[in-house]
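Reviewing the structure listed below.
No hydrogens, no waters, no symmetry mates; every other heavy atom, side chains included, goes into these values. Naming: A, B, ... by sequence-line order, numbering from 1 per chain.
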2 protein chains.
Amino acid sequence: MAQPKYRQIASELRDQIVSGILREGDRLPPEPKLQEQYAASRNTVRDATALLLHEGLVYRVPGRGGGMVVRRRATLTFHAHRAEMPAQPVAETDAWRSEVVAQGYEASQDFSLMIRAVSSDLAERLHVEPDSVAVLRRCVRHINGQPSSLQDTYYPMDLAEDVRELLSPKDIPQGTTRLLAERGHEQVAYYDEYVSRMPTPEETNLLGLQPGTPILLHIRTGYTEHRPVRVSFNVLAGDRNQIVTTHGDVRIIAKFRPEEAPE
Amino acid sequence: MAQPKYRQIASELRDQIVSGILREGDRLPPEPKLQEQYAASRNTVRDATALLLHEGLVYRVPGRGGGMVVRRRATLTFHAHRAEMPAQPVAETDAWRSEVVAQGYEASQDFSLMIRAVSSDLAERLHVEPDSVAVLRRCVRHINGQPSSLQDTYYPMDLAEDVRELLSPKDIPQGTTRLLAERGHEQVAYYDEYVSRMPTPEETNLLGLQPGTPILLHIRTGYTEHRPVRVSFNVLAGDRNQIVTTHGDVRIIAKFRPEEAPE
DNA sequence: CAGTGGTCTAGACCACGCG
DNA sequence: GCGTGGTCTAGACCACTGG
């Protein structure tokens with residue numbers, strides 16, 4: 001056997017998915033049917049479908065009326081440049097919500113606040129001592145009631161003491177970026193890191209991820225003229241989100257992508 | 001059983017990895033040993049280790065002297081803003097190579113050239129007719145002899161007829177961005193999309209990916225003052241790459257991240 | 001050769017949830 | 001109820017590769 005049997009089965013099913021014979025939301029044949037069709041044991045069939053599962057092509061639904069369902073590829077576009085560019089008077093939280101609504105979904109967010117000792121990674125980005133503490137503002141973002149992304153933003157403690165609102169576990173109406181700017185901490189530069197990796201079990205729970213769903217991690221460090229003032233870890237479910245930014249003259253882009261027009 | 005046995009086993013092994021008891025490159029106990037330790041059948045042990053495999057924590061090496069090895073987390077940082085920002089006189093290919101070398105690795109690239117009918121996705125980004133053709137320049141990038149990323153760049157056919165070098169299946173020494181600028185097609189704006197997803201089987205082969213390795217996809221559309229002139233699909237192996245960009249005043253960032261200093 | 005993981009079989013019992 | 005996937009067992013043979 002040049003190709004193991006379970007890969008053969010997976011290939012045929014995969015072809016049916018990518019070619020469109022099976023469409024989003026359709027169900028694969030149930031396991032007993034596949035055992036018949038391919039004269040394979042149940043474990044072999046499961047090895048085959050596990051491949052598709054971890055490729056992110058299908059998910060499994062237990063119980064009668066369930067089965068293996070072809071995943072849909074609906075993605076929310078998240079504009080990382082919109083809300084937070086220097087001199088853009090739009091609050092980032094409202095910007096996120098309005099983006100979601102504009103794309104036809106329903107949005108909600110859960111805030112929480114913690115005081116945390118900074119890890120070495122974080123200390124380096126915030127340029128503070130590794131043993132110091134920082135304010136962590138966590139925002140779990142839901143789309144249509146389903147968790148979609150997780151944003152952890154850290155502020156140095158001395159900054160939070162200067163801008164006390166940061167210590168309140170509530171949404172800041174105008175957005176933290178704007179608030180900081182009003183108090184003389186305007187961010188004028190951003191350092192953005194993008195990483196793709198598999199989720200930790202904690203992230204799997206928080207975001208309700210299916211197996212085979214990677215994470216898009218966006219780490220943004222914001223700088224005033226004098227120093228870094230915050231670091232955001234934005235953890236996005238890879239199957240439901242993408243990030244967009246622009247560089248250069250946005251007006252040119254807007255001519256060809258009307259949805260990018262500045263508001 | 002609140003927690004299935006295979007998840008229990010996976011949790012204990014995972015804890016040993018994330019806590020550092022098992023370090024990068026270390027081997028997990030072999031399957032027969034795990035069967036003993038946990039009084040489990042081989043399939044159950046394999047279900048457990050399959051979880052770690054798909055979390056990207058370990059990879060499996062067949063054969064004597066092999067085993068399940070804790071993966072290392074070495075990542076190459078790719079500066080998406082460096083080479084291609086308007087008015088930056090650095091060629092992107094040389095920039096990629098010098099970045100790799102600066103980070104202590106060895107770099108090589110394979111070019112190839114194709115003429116392709118444009119898909120609807122691509123047509124939209126390039127703002128051309130869906131049935132027209134485009135030039136595809138593919139560059140497979142290797143680090144230390146191992147494939148690391150794959151870049152497909154599409155140019156509209158009429159542009160390639162104006163700038164004939166694009167039709168040559170060879171590296172363009174000064175880089176295509178610079179070449180285009182010299183011929184009056186200077187790119188002054190970029191539209192960047194970031195996506196995290198599992199690889200297709202083709203990408204798995206091309207990049208030599210282990211199971212549990214997601215893809216970081218960076219799609220960059222470049223615009224002159226008049227229109228989009230190219231689209232690059234940059235497919236990065238998630239376990240070996242991250243992307244960095246900056247917005248705003250780079251000099252401020254350079255004060256705290258010396259490696260970001262403009263060259 | 002001997003030990004590693006890779007593949008495959010044939011069965012079993014369970015949890016879930018639609019009809 | 002009963003069909004779906006979820007978990008688990010016990011065994012088998014194979015391919016690869018270091019010692």
(message) Regarding B:Arg257 and A:Thr221, do their side chains bring together a donor and an acceptor under 3.5 Å, going by distance alone?
(response) no
(message) Side chains of B:Ser232 and B:Arg137 only: does a donor on one sit below 3.5 Å from an acceptor on the other?
(response)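 B:Arg137 and B:Ser232 do not have a side-chain donor-acceptor pair below 3.5 Å.
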Euclidean distance, atom [atom1] of residue [X] to atom [atom2] of [N] [Å, nearest integer]:
{"X": "A:Asp47", "N": "D:dG6", "atom1": "CG", "atom2": "C1'", "answer": "14 Å"}
{"X": "B:Tyr59", "N": "C:dT4", "atom1": "OH", "atom2": "P", "answer": "17 Å"}
{"X": "A:Leu52", "N": "D:dG5", "atom1": "CG", "atom2": "P", "answer": "13 Å"}
{"X": "B:Gln3", "N": "C:dA15", "atom1": "CD", "atom2": "P", "answer": "15 Å"}
{"X": "B:Arg46", "N": "C:dG5", "atom1": "CZ", "atom2": "C1'", "answer": "6 Å"}
{"X": "B:Gln35", "N": "D:dA10", "atom1": "CD", "atom2": "C1'", "answer": "10 Å"}
{"X": "B:Arg64", "N": "D:dC16", "atom1": "CZ", "atom2": "C1'", "answer": "12 Å"}
{"X": "A:Arg60", "N": "D:dT4", "atom1": "CZ", "atom2": "P", "answer": "14 Å"}

(request) Mark yes or no for a side-chain to base donor-acceptor pair under 3.5 Å between B:Arg42 and C:dT7, with no hydrogen or angle criteria applied. (result) yes
(message) Counting distance alone, no hydrogens or angles: does the base of D:dG6 have a donor or acceptor under 3.5 Å from a partner atom on the side chain of B:Arg7?
(response)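 Under the 3.5 Å cut-off, the side chain and the base do not form any donor-acceptor pair.
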(message) Counting only side-chain nitrogens and oxygens, does B:Lys5 get under 4.0 Å of the OP1 or OP2 atom of D:dT9?
(response)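 The answer is yes; a side-chain N or O of B:Lys5 sits under 4.0 Å from OP1 or OP2.
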(message) Tell me whether the side-chain N/O atoms of B:Thr44 come closer than 4.0 Å to OP1 or OP2 in D:dT9.
(response) yes
(message) For a quick test of reading the model, state the closest non-hydrogen atom pair linking A:Tyr59 to A:Leu53 and the distance between them.
(response) CA-CD1, 3.9 Å
(message) Considering every strand and a 4.0 Å limit on heavy-atom distances, what is the contact class for A:Ala50: base, sugar-phosphate, or nothing?
(response) nothing
(message) Within the 4.0 Å heavy-atom criterion, would you say A:Ala48 contacts the bases, only the backbone, or no part of the nucleic acid?
(response)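 The residue A:Ala48 makes no contact with any strand.
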(message) With nearest nucleotide decided by heavy atoms, which residue, A:Gly65 or A:Ser41, maps closer to the 5′ end of DNA chain C?
(response)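 This one resolves to A:Ser41.
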(request) For B:Pro32 and for A:Gly63, find the nucleotide of DNA chain C with the closest heavy atom, then tell me which residue's nucleotide is more 5'. (result) B:Pro32
(request) Look at the side chain of A:Gln151 and the backbone N and O of A:Val235, then say whether any donor-acceptor pair between them is shorter than 3.5 Å. (result) no
(message) For the backbone of B:Gly66 and the side chain of B:Arg60, can you confirm whether one donor and one acceptor N or O come within less than 3.5 Å of each other?
(response) no
(request) Between A:Val61 and A:Asn43, just flag the one whose closest nucleotide in DNA chain D comes earlier from the 5' side. (result) A:Val61
